[in-house]
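We count ligands from 1, going down the list as the structure has it; atoms in each ligand are counted the same way. All figures in this text were calculated on a predicted structure; none of them were measured in a lab.
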Amino acid sequence: MTDIDEMKARYLTQVDAAQDLDALEAVRVAALGKKGAISEQLKTLGKMSPEERQTQGPIIQGARGAVADAIQARKDALERAALDAQLAGERIDMSLPAPVAPAGSVHPVAQVMDELAEIFADLGFAVATGPEIETDWYNFTALNIPETHPARAEHDTFYTAENGPDGTPMVLRTHTSPVQIRTMTSQKPPIRIIAPGRTYRSDSDATHTPMFHQVEGLVIDRGIHMGHLKWTLETFVKAFFERDDIVLRLRPSYFPFTEPSAEVDVGFSVENGKRVIGGDPEGPNGGWLEILGSGMVHPKVTSACGLDPEEYQGFAFGCGIDRLAMLKYGMDDLRAFFDGDLRWLKHYGFSTLDIPTLSTGVGA
Ligand code: PHE
């Protein structure tokens with residue numbers, strides 16, 4: 001073996017052994033750098049006789065080429081390995097749950113609205129909406145509350161300074177019942193809707209805020225009677241409070257837009273020193289809590305919406321959402337709902353990942 005062959009073999013071994021780009025660069029400098037061993041050999045060609053150069057030239061050039069090719073190949077391999085390692089290190093598994101809980105939380109009112117939508121969707125109800133600034137006609141007149149009716153005064157209505165399209169002052173809706181009118185005048189029966197949303201009355205204490213939330217329910221079809229109303233309310237309340245032993249009490253009442261009308265109480269009892277919805281309301285420390293107003297849609301209301309009351313009947317109910325949330329999740333001051341106190345939201349709020357479903361329990 002000539003010196004050159006030996007040199008070539010040595011550098012090829014070193015190239016193979018180089019574990020990183022720095023080590024490989026050191027081999028390159030030692031072999032092919034300005035003062036590298038193979039470069040020094042190339043310089044000797046100039047001093048050779050033409051015959052000698054004829055034989056030595058291809059040998060030295062061959063060694064230089066072989067080592068240079070080996071270095072390039074090794075460099076490519078090392079770079080590919082480095083990229084693979086980097087990609088493996090930066091791999092993100094999109095199917096993993098979020099590593100930290102999201103900073104925000106879902107307000108109990110929003111959570112309860114989602115629960116209501118889930119429960120009523122299962123019963124075939126769609127979700128309807130209406131404007132919060134209403135005309136007198138939708139909020140009162142069409143609901144059989146004429147101008148002289150005492151119910152107008154009872155509602156502590158907020159009026160706007162400017163008149164609406166019908167020439168009368170607009171109001172901040174005092175209940176979600178105007179959505180009944182908007183639905184009956186825009187859809188054909190059969191109608192099954194709930195309408196959750198904001199409502200306003202000039203009233204303020206521990207259990208009343210000027211803005212609060214209601215959910216309206218409306219069913220219009222042929223042959224609808226009070227039994228349908230009672231079954232629907234019982235099914236809803238049992239699903240919402242997630243107990244089967246809940247009893248409802250329907251008390252005769254009065255609303256201008258329903259006839260007959262009933263206020264609905266839910267039975268509570270005391271279990272392990274705690275008041276709970278459900279159980280025996282006639283037992284020790286048990287009792288009744290009013291949760292909603294309801295009744296059969298008044299023929300004057302169906303007529304005002306252009307429907308024939310002889311053909312179509314229905315029931316409606318209106319329920320305070322904030323109160324439902326308080327009863328289910330145990331808050332006692334309504335005003336705290338709207339204070340925006342982060343500590344309260346953190347304590348009573350729900351995870352954005354906690355989507356109510358009937359199969360997992362609507363309030364899980
Ligand atoms: N709108 C009534 C209220 O706010 C509740 C209600 C709705 C009663 C529908 C009967 C039917 O008090």
Side-chain angles (χ1 to χ4, degrees), residues 109 116 120 125 127-132 134-146 149-158 171-185 191-203 207-221 224-234 236-237 248-266 289-302 304-305 307 309 312-324 334:
V109 169
L116 294 170
F120 278 100
F125 286 65
V127 173
T129 55
E132 291 171 26
E134 268 295 8
T135 65
D136 215 75
W137 189 79
Y138 279 106
N139 195 78
F140 293 124
T141 313
L143 286 160
N144 192 32
I145 314 176
H149 201 285
R152 289 213 183 192
E154 276 166 36
H155 277 205
D156 303 307
T157 312
F158 287 114
V171 301
L172 298 190
R173 66 179 181 189
T174 57
H175 49 180
T176 43
S177 298
V179 185
Q180 287 188 36
I181 307 302
R182 290 190 174 272
T183 307
M184 279 188 270
T185 51
I191 290 169
R192 280 194 289 272
I193 56 112
I194 58 164
R198 294 195 182 101
T199 48
Y200 303 84
R201 288 180 204 179
S202 179
D203 206 351
T207 52
H208 296 88
T209 48
M211 187 281 299
F212 57 105
H213 299 83
Q214 284 193 340
V215 61
E216 195 79 8
L218 175 70
V219 168
I220 302 284
D221 204 345
I224 298 295
H225 55 73
M226 206 93 180
H228 296 124
L229 168 63
K230 185 156 191 267
W231 180 88
T232 304
L233 293 177
E234 273 172 4
F236 147 53
V237 168
L248 293 186
R249 184 172 74 176
L250 273 67
R251 275 182 293 108
S253 183
Y254 174 78
F255 299 103
F257 34 92
T258 48
E259 182 59 35
S261 302
E263 273 173 314
V264 177
D265 301 333
V266 65
L289 286 167
E290 186 194 322
I291 54 162
L292 58 88
S294 66
M296 302 308 293
V297 176
H298 198 293
K300 281 194 179 171
V301 175
T302 7
C305 296
L307 295 172
Y312 289 111
Q313 302 76 40
F315 65 77
F317 60 88
C319 180
I321 291 179
D322 315 286
R323 188 162 163 75
L324 282 183
L334 177 63

Answer yes or no: does an N/O atom from [X] fall short of 3.5 Å to an N/O atom of ligand 1?
| X | answer |
| --- | --- |
| Thr174 | no |
| His175 | yes |
| Arg201 | yes |

Exercise. Run the contact test for His298 against ligand 1 with a 4.0 Å cut-off on heavy atoms, strictly below, and give the result.
Key: no
Quiz item: For ligand 1, is there an atom lying under 4.0 Å from some heavy atom of Phe257?
Solution: yes
Quiz prompt | Sub-6.0 Å ring centroid separation between Phe317 and Phe125 | solution = no
Exercise. Assert yes or no for the condition that the ring centre distance of Phe257 to His175 is strictly below 6.0 Å.
Key: yes
Exercise. Answer yes or no on whether Arg182 is positioned over the face of Tyr138, meaning its NZ or CZ is under 6.0 Å from the six-membered ring centre and within 45° of the axis.
Key: yes
Practice problem: Considering non-hydrogen atoms only, spot the tightest contact between Ala195 and Val179 and give its length. | Solution: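 Heavy atoms of Ala195 and Val179 come nearest at CB-CG1, 3.5 Å.
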Self-check item: Over all atoms of both residues, closest heavy-atom pair of Ile321 and Pro196
Solution: CD1-CB, 3.9 Å
Quiz item: Which residue and non-hydrogen atom of the protein lie closest to atom 7 (C) of ligand 1, and at what distance in Å?
Solution: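 Minimum-distance protein heavy atom for atom 7 (C) of ligand 1 reads Gly318 N, 3.2 Å.
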Quiz item: Taking only heavy atoms of Gln180, which atoms of ligand 1 are found under 4.0 Å from at least one of them?
Solution: 9 (C)
Quiz item: Counting from 1, what ligand 1 atoms have a heavy atom of Gln214 closer than 4.0 Å?
Solution: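 Answer for ligand 1: 3 (C), 4 (O).
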Quiz item: What part of Glu263, side chain, backbone, both or neither, has a heavy atom within less than 4.0 angstrom of ligand 1?
Solution: neither
Quiz prompt | Side chain, backbone, both or neither: Ser177 near ligand 1, heavy atoms under 4.0 Å | solution =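 Looking at Ser177 and ligand 1, just side chain atoms fall under 4.0 Å.
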Exercise. Taking the side chain as every heavy atom from C-beta outward, state whether Phe236 and Leu292 have any atom pair closer than 4.5 Å.
Key: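 Yes, close enough: below the 4.5 Å cut-off.
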Quiz prompt | More than 12 heavy atoms from other groups under 6.0 Å of CZ on Arg251 | solution = yes
